[in-house]
Amino acid sequence: MIEIKNITKTYRDGDISFQALDNVSFQIKDGEFVAIMGPSGSGKSTLMHILGALDTPTSGTYLLDGQDVSTLSDNELADIRQDKIGFVFQSFNLLPRTTVLRNVMLPLIYEGVRGEERKRRAEVALRAAGLDATHWSHLSNQLSGGQIQRVAIARALVNNPTLILADEPTGNLDSKTGEIVLSTFQKLNTEHGRTIVLITHEREVAEYAKRIIFIKDGTLVKQL
Amino acid sequence: MNPFDLLQETYLSLSANKVRSALTILGIVIGISSVIAMVSIGQGAKAQIQSSIEGLGSNLLTILPGVVQPGRGIVSSGRGSAQTLENKDLPVLDSIEGIESVSPELSRRFQITAGTGNNTNTTVNGVLPTYASVRNLTIAEGTFISESNIHSLGRQVVLGATVATDLFGDTPPLGKTIKINKTNFRIVGLLTKKGGAGFSGPDDMVIVPLTTMQKILAGVDYLSTISISVTDKNRMNEVRDAVSDALLTRHRVAEADFSIISQEDILGTLSQVVDTFTIFLASIAGISLVVGGIGIMNMMLTTVTERTREIGLRKAIGAKRRDINRQFLVEAVALTFIGGFLGVILGWLIAATVTYLGLIQTQVSLMSVLLAFGVSTAIGIIFGYYPAQRAARLNPIDALRYE
Ligand SMILES: Nc1ncnc2c1ncn2[C@@H]1O[C@H](COP(=O)(O)OP(=O)(O)OP(=O)(O)O)[C@@H](O)[C@H]1O
Ligand SMILES: [Mg+2]
């Protein structure tokens, strides 16, 4: 359960300050599939960084499963990311020259999960993300764009997070591959009950979600 | 992250850039191996000097004319000091307890020619029969200078091993005649070869009766050295003081016009010189080690910049500051540790080669090997610390947005 109340984010660079988010409030319940839409520069990525505990808001509160995340320290934020959040980025998702399996296991390595258990969970995640077992021992630079995104999805799933955050996950893919990746998200939501927040500036992509939140110039304009 | 995973990550990232890692390691290898080689050569030289001085005869006191200051070499006292020891000094030594035997000597360099036409310029030492036992010399062939040779101003000579080969090559010299300063001498004995360091060795000299040396060859009646062997090593100081008192009384002087040097004095002085030299060489080698360390830092800083997005990604999926910090620190230490390991092997090979070529009997001590590992690991930590801190402090968002 995500509750955001009156979030603002101001970037300061010397004397110049820029308000990327202005008084944004909304809720996302467990098991929802939500898209956040808006034009370029509207503050979508900024919002996702706050939702993903990569950054803290300048003001306002962010409750994740009832816990106030907005005031946590660096290390506490790292713990939240490790336990509750899975990320899929637009590009540079995987460690270069590293096998698919090791990439997926990486969050578990940092968590301290042991060898066999680690491997078992990574395989479960890769299957859920729909990646064929023949690719599991490939290096990350031997994969197609669509396969890379599936590996990224598997990695986002592997630590059983409350929330999967995807920032333009299909931005670098052709529409056909994009559809496959998006239907993977849809399947994870409907069949596995995962909470998914998808960030995009394309209407067709946002259509996969059950709810769309529109933002513009850092403010929430409407919800569908 | 557990230690095994940490090592695996380290291996993966170092092997991802093999050439760069290898070159960085090379810097450390050169530094460590030269330190090891220099120190082992220095220690070998020291041990060699020790054994050759001990080979001169243990429990040995040497009385020299003039004043010698330990650690500064022979200091001329400025009053013709080379002639303060005489034959008349010998009787006063007889009454001192603790002296085993006394060997007065007069040595000069002369041109020596053999019947073969070969000639050499070497030290001619006029001695008494006691010389052989005091100086630990053994006769390989023939006899040593005898009492009757002394009384009869005999023209007998005993050759050191090097001189014998210089003059006669492979033909046996015993019984042959040589000319020392135009006087004929008959060869009655040959010394056993001592080998070892070339300095002041008994191989490169010839021995004649003291009386013959003083009256015929040199035409003087003073001595260049009086060697004394002491019955018991523990009585060295006691004997030394007694000899000093006796000679001061006989010479009727308040301040000594002679010096008494023990084995330990010579050993101490020479060891000090060799130590200084070893430290000097090792410091130069140490500088190359520091340069190697800077190479490590340079590589690590480049890697951190190159891997900014990777660091951001790792942080996004749950890596903490200390995970990133450790990862980069372990990478740096792994480089220096491998460098240290290879450096020890290379340094040891260099030392072994020096020994093999017969230059110096080198010694690689366990201590210097452990020190090399310690130092190389420390260099990894010192020069890896800053880059690792820099990586750990990266803000995950800035790192992810980094192009
Ligand atoms: N570190 C920063 N310092 C200053 N301004 C920043 C910083 N990060 C982002 N901004 C600004 O905040 C605004 C919102 O940026 P953000 O990346 O959230 O946009 P976005 O909606 O994700 O755009 P896009 O669709 O192009 O990815 C932009 O105008 C951007 O210039
Ligand atoms: Mg963006």
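Because only heavy atoms are used, hydrogens play no part in the values below, and waters and symmetry mates are left out as well, while side chains stay in.
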**Student:** Run the side chain to side chain contact (heavy atoms under 4.5 Å, CB included) check on Leu313(B) and Arg155(A) step by step: do they pass?
**Tutor:** CA-CA 12 Å; Leu313(B) 184 63; Arg155(A) 189 189 55 208; 3.7 Å; yes
**Student:** Is it the case that over 12 heavy atoms from other parts of the model lie below 6.0 angstrom from the OH atom of Tyr11(A)?
**Tutor:**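 Correct, the count exceeds 12.
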**Student:** I need the minimum non-hydrogen distance between Ala78(A) and Ala319(B), along with the two atoms involved.
**Tutor:** CB-O, 4.1 Å
**Student:** Is there a side chain to side chain contact (heavy atoms under 4.5 Å, CB included) between Gln82(A) and Ile317(B) once you walk through the steps?
**Tutor:** CA-CA 6 Å; Gln82(A) 189 168 75; Ile317(B) 61 176; over 6 Å; no
**Student:** Step through the shown structure and confirm whether more than 12 heavy atoms of other residues, nucleotides or ligands are within 6.0 Å of CG on Asn141(A).
**Tutor:**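 For Asn141(A), atom CG is crowded (more than 12 foreign heavy atoms under 6.0 Å).
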**Student:** Can you tell me how far apart OH (Tyr110(A)) and CG (Asn2(B)) are? Round to the nearest 0.5 Å.
**Tutor:**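 Between Tyr110(A) OH and Asn2(B) CG, I get 12.0 Å after rounding to 0.5 Å.
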**Student:** With a 4.5 Å limit on heavy-atom distance, are the side chains of Lys315(B) and Leu54(A) in contact?
**Tutor:** no
**Student:** What option among Leu94(A), Ile109(A), Asn159(A) has the most heavy-atom pairs under 4.5 Å with chain B?
**Tutor:**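 Looking at each of Leu94(A), Ile109(A), Asn159(A) in turn, Ile109(A) comes out on top.
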**Student:** Is the shortest distance from a Lys or Arg side-chain nitrogen in Asp5(B) or Arg118(A) to a carboxylate oxygen in the other one below 4.0 Å?
**Tutor:**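 Here Asp5(B) pairs with Arg118(A) in a salt bridge, since their nearest N and O are under 4.0 Å apart.
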**Student:** Nearest 0.5 angstrom please: Arg314(B) CZ to Leu106(A) CG, how far?
**Tutor:** 5.5 Å
**Student:** Could you tell me whether Lys320(B) and Asp74(A) make a salt bridge, using a distance below 4.0 angstrom between a side-chain N and a carboxylate O?
**Tutor:**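 No.
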**Student:** Go through Asn93(A), Ile85(A), Ile80(A) and name the one with the most non-hydrogen pairs under 4.5 angstrom from chain B.
**Tutor:**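 Heavy-atom pairs under 4.5 Å are most numerous for Asn93(A).
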**Student:** Evaluate whether atom CZ of Phe26(A) has more than 12 neighbouring non-hydrogen atoms of other residues, nucleotides or ligands under 6.0 angstrom away.
**Tutor:** yes
**Student:** Answer yes or no: does atom CZ of Phe373(B) have more than 12 heavy-atom neighbours from other residues, nucleotides or ligands under 6.0 Å?
**Tutor:** yes
**Student:** Would you check, one step at a time, whether the test side chain to side chain contact (heavy atoms under 4.5 Å, CB included) holds for Glu310(B) with Leu95(A)?
**Tutor:** CA-CA 6 Å; Glu310(B) 177 194 323; Leu95(A) 292 188; 3.2 Å; yes
**Student:** Is the side chain of Arg321(B) donor-acceptor paired with the backbone N or O of Asn75(A) at a distance under 3.5 Å, no angle test?
**Tutor:** no
**Student:** Among Ala16(B), Gly318(B), Gly312(B), which residue has the highest count of heavy-atom pairs closer than 4.5 Å to chain A?
**Tutor:**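 Looking at each option in turn, the highest pair count goes to Gly318(B).
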**Student:** Could you check Arg102(A) against Glu9(B) for salt bridge (Lys or Arg N to Asp or Glu O under 4.0 Å), going step by step and ending with a plain yes or no?
**Tutor:** CA-CA 10 Å; Arg102(A) 193 167 175 89; Glu9(B) 285 291 326; 2.8 Å; yes
**Student:** Nearest heavy-atom pair of Ala316(B) and Phe89(A): which atoms, and what distance?
**Tutor:**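 Minimum heavy-atom contact is CB-CZ, 3.9 Å.
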**Student:** Taking everything shown except Lys119(A) itself, do over 12 heavy atoms lie less than 6.0 Å from its NZ?
**Tutor:** no
**Student:** Should the heavy atoms of other residues, nucleotides or ligands under 6.0 Å from CD of Glu117(A) be counted, would the total exceed 12?
**Tutor:**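 Enclosed: over 12 neighbouring heavy atoms sit under 6.0 Å from CD of Glu117(A).
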**Student:** Look at atom CH2 of Trp136(A) and say whether more than 12 heavy atoms of other residues, nucleotides or ligands are closer to it than 6.0 Å.
**Tutor:**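 Yes - once you tally the heavy atoms of other residues, nucleotides and ligands closer than 6.0 Å, there are more than 12.
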**Student:** Can you say whether Ser91(A) sits under 4.5 Å from chain B via the side chain, the backbone, both, or neither, judging by heavy atoms?
**Tutor:** both
